[in-house]
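So you know, we letter chains A, B, ... as the sequences are listed, proteins then strands, and number each from 1. In this text, all values refer to a predicted model and were calculated from it rather than measured experimentally.
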Number of protein chains: 2
Amino acid sequence: MTNHSELIKGTLGTIILRLLSQKGRMYGYEITQLVKEITDGKVLVKEGSLYPALHKLEADGLVTTEEVFIGKRVRKYYTLTQPGKNAAQASVDELLAFLKTIHNLITAQPLASYGAA
Amino acid sequence: MTNHSELIKGTLGTIILRLLSQKGRMYGYEITQLVKEITDGKVLVKEGSLYPALHKLEADGLVTTEEVFIGKRVRKYYTLTQPGKNAAQASVDELLAFLKTIHNLITAQPLASYGAA
DNA sequence: TTACTATACATTGTAAAGCTATGTATTTTA
DNA sequence: TAAAATACATAGCTTTACAATGTATAGTAA
């Protein structure tokens, strides 16, 4: 994605699922632009990350695709299946819980004291 | 680390630096137990992750080590160097900013609309 | 008209990071 | 006395995103 790219690992699938659950239908390039817009350029999804991720979601049955021609150019729209909708909800919930856990871990002031207390 | 293990990528170094900056001095096994305690078992740092990460911090000059014998058993204490203290602060700040960005990305309700607006 | 940029898809090979499995050894607890 | 906890460590695997590359159409500015 972008500079602090190692932090992103494991979140891309969730991000895609979430955007699809909100917008209903999106195509790849649109996802890259929307993520860029929402994060004010702080997260940049690259093609080398996005398309394999989308193909995996499709292989896992979480999305279906539909090709639309814009003039002579193909657009491949992705839509969540019902399992995909369930996965989106679960995935977002899990990621939020994880963010909370890590936030707590790196801000906890009176640290628990293994070995003492 | 634990079940949702893919989410952790890139955060372990920051977690270690943060704990060391709080506790002053820690040894490997102690770190695994403290993380487990603080996160209520939700994050489990494995040896195969921890020790290579500690060795890398040492190789990068961010920590120094000190071996202490407890009976016949060795304990290797890690302490932040000055560059390590600086890195800890910067690393925590960056991770917090990242957490905020991702949180916003997966909770933003009125999604920005690339192509519209 | 001609570059350059944006749109739009895709794949191959690479690097980073944590995990599993394994190994060694001491100490404590059931 | 056996199992679990403490305490270190490494080799090889897997996952995941990225860089680089490729193809092609559409729009825009010189």
inquiry  = Below the 4.0 Å mark, does D:dA7 have OP1 or OP2 next to a side-chain nitrogen or oxygen of B:Y27?
reply    = yes
key: Side-chain N,O (A:Y51) to OP1/OP2 (C:dA10) below 4.0 Å   = no
query = Within a reach of under 6.0 Å around NZ of A:K23, are more than 12 heavy atoms found that belong to other residues, nucleotides or ligands?
reply = yes
ask   = NA contact type, A:E30, heavy-atom cut-off 4.0 Å: base, sugar-phosphate, or nothing?
value = nothing
request  = Look at all strands and tell whether B:G48 reaches a base, only sugar-phosphate, or nothing, counting heavy atoms closer than 4.0 Å.
outcome  = base
request  = Enumerate, in order of first residue number, the stems that involve DNA chain C, defined as 3 or more consecutive Watson-Crick or G-U wobble pairs with both distances under 3.5 Å.
outcome  = C:1-30 with D:1-30
Rounded to the nearest angstrom, tell me the gap between atom [atom1] in [X] and atom [atom2] in [N].
X     : N      : atom1 : atom2 : value
A:I31 : D:dA17 : CD1   : P     : 13 Å
A:K46 : D:dT16 : NZ    : P     : 19 Å
A:E47 : C:dA6  : CD    : P     : 13 Å
A:L54 : D:dA17 : CG    : P     : 11 Å
A:M26 : C:dC9  : CE    : P     : 11 Å
A:L12 : C:dA16 : CG    : P     : 20 Å
B:H55 : C:dA16 : NE2   : P     : 19 Å
B:K36 : D:dA7  : NZ    : P     : 14 Å

message = Let's see if you can work this out: which of C:dA17, C:dT20, C:dA8 has an atom nearest to the side-chain heavy atoms of B:K56?
response = C:dA17
query = side chain to side chain contact (heavy atoms under 4.5 Å, CB included) between B:L54 and B:I31: does it pass, once the steps are laid out?
reply = CA-CA 11 Å; B:L54 285 172; B:I31 292 174; 4.2 Å; yes
Checking [X] side chain against [Y] main chain: does a donor-acceptor pair fall under 3.5 Å?
X     : Y     : value
A:T81 : A:L62 : yes
B:H55 : B:Y51 : yes
A:R25 : A:Y77 : no

Does some side-chain heavy atom of [Y] sit less than 4.5 Å from a side-chain heavy atom of [X]?
X     : Y      : answer
B:V92 : B:L17  : no
A:L44 : A:K46  : yes
A:I38 : B:N104 : yes

key: For DNA chain C, the residues among residues 71-81 of chain B that have a non-hydrogen atom under 4.0 Å from it   = B:G71, B:K72, B:R73
query = Linking I/L/V/M/F/W/Y whenever any side-chain heavy atoms sit under 4.5 Å apart, do B:I70 and B:V74 land together?
reply = no
key: Residue whose nearest DNA chain C nucleotide is more 5′ - A:L50 or B:I70   = A:L50
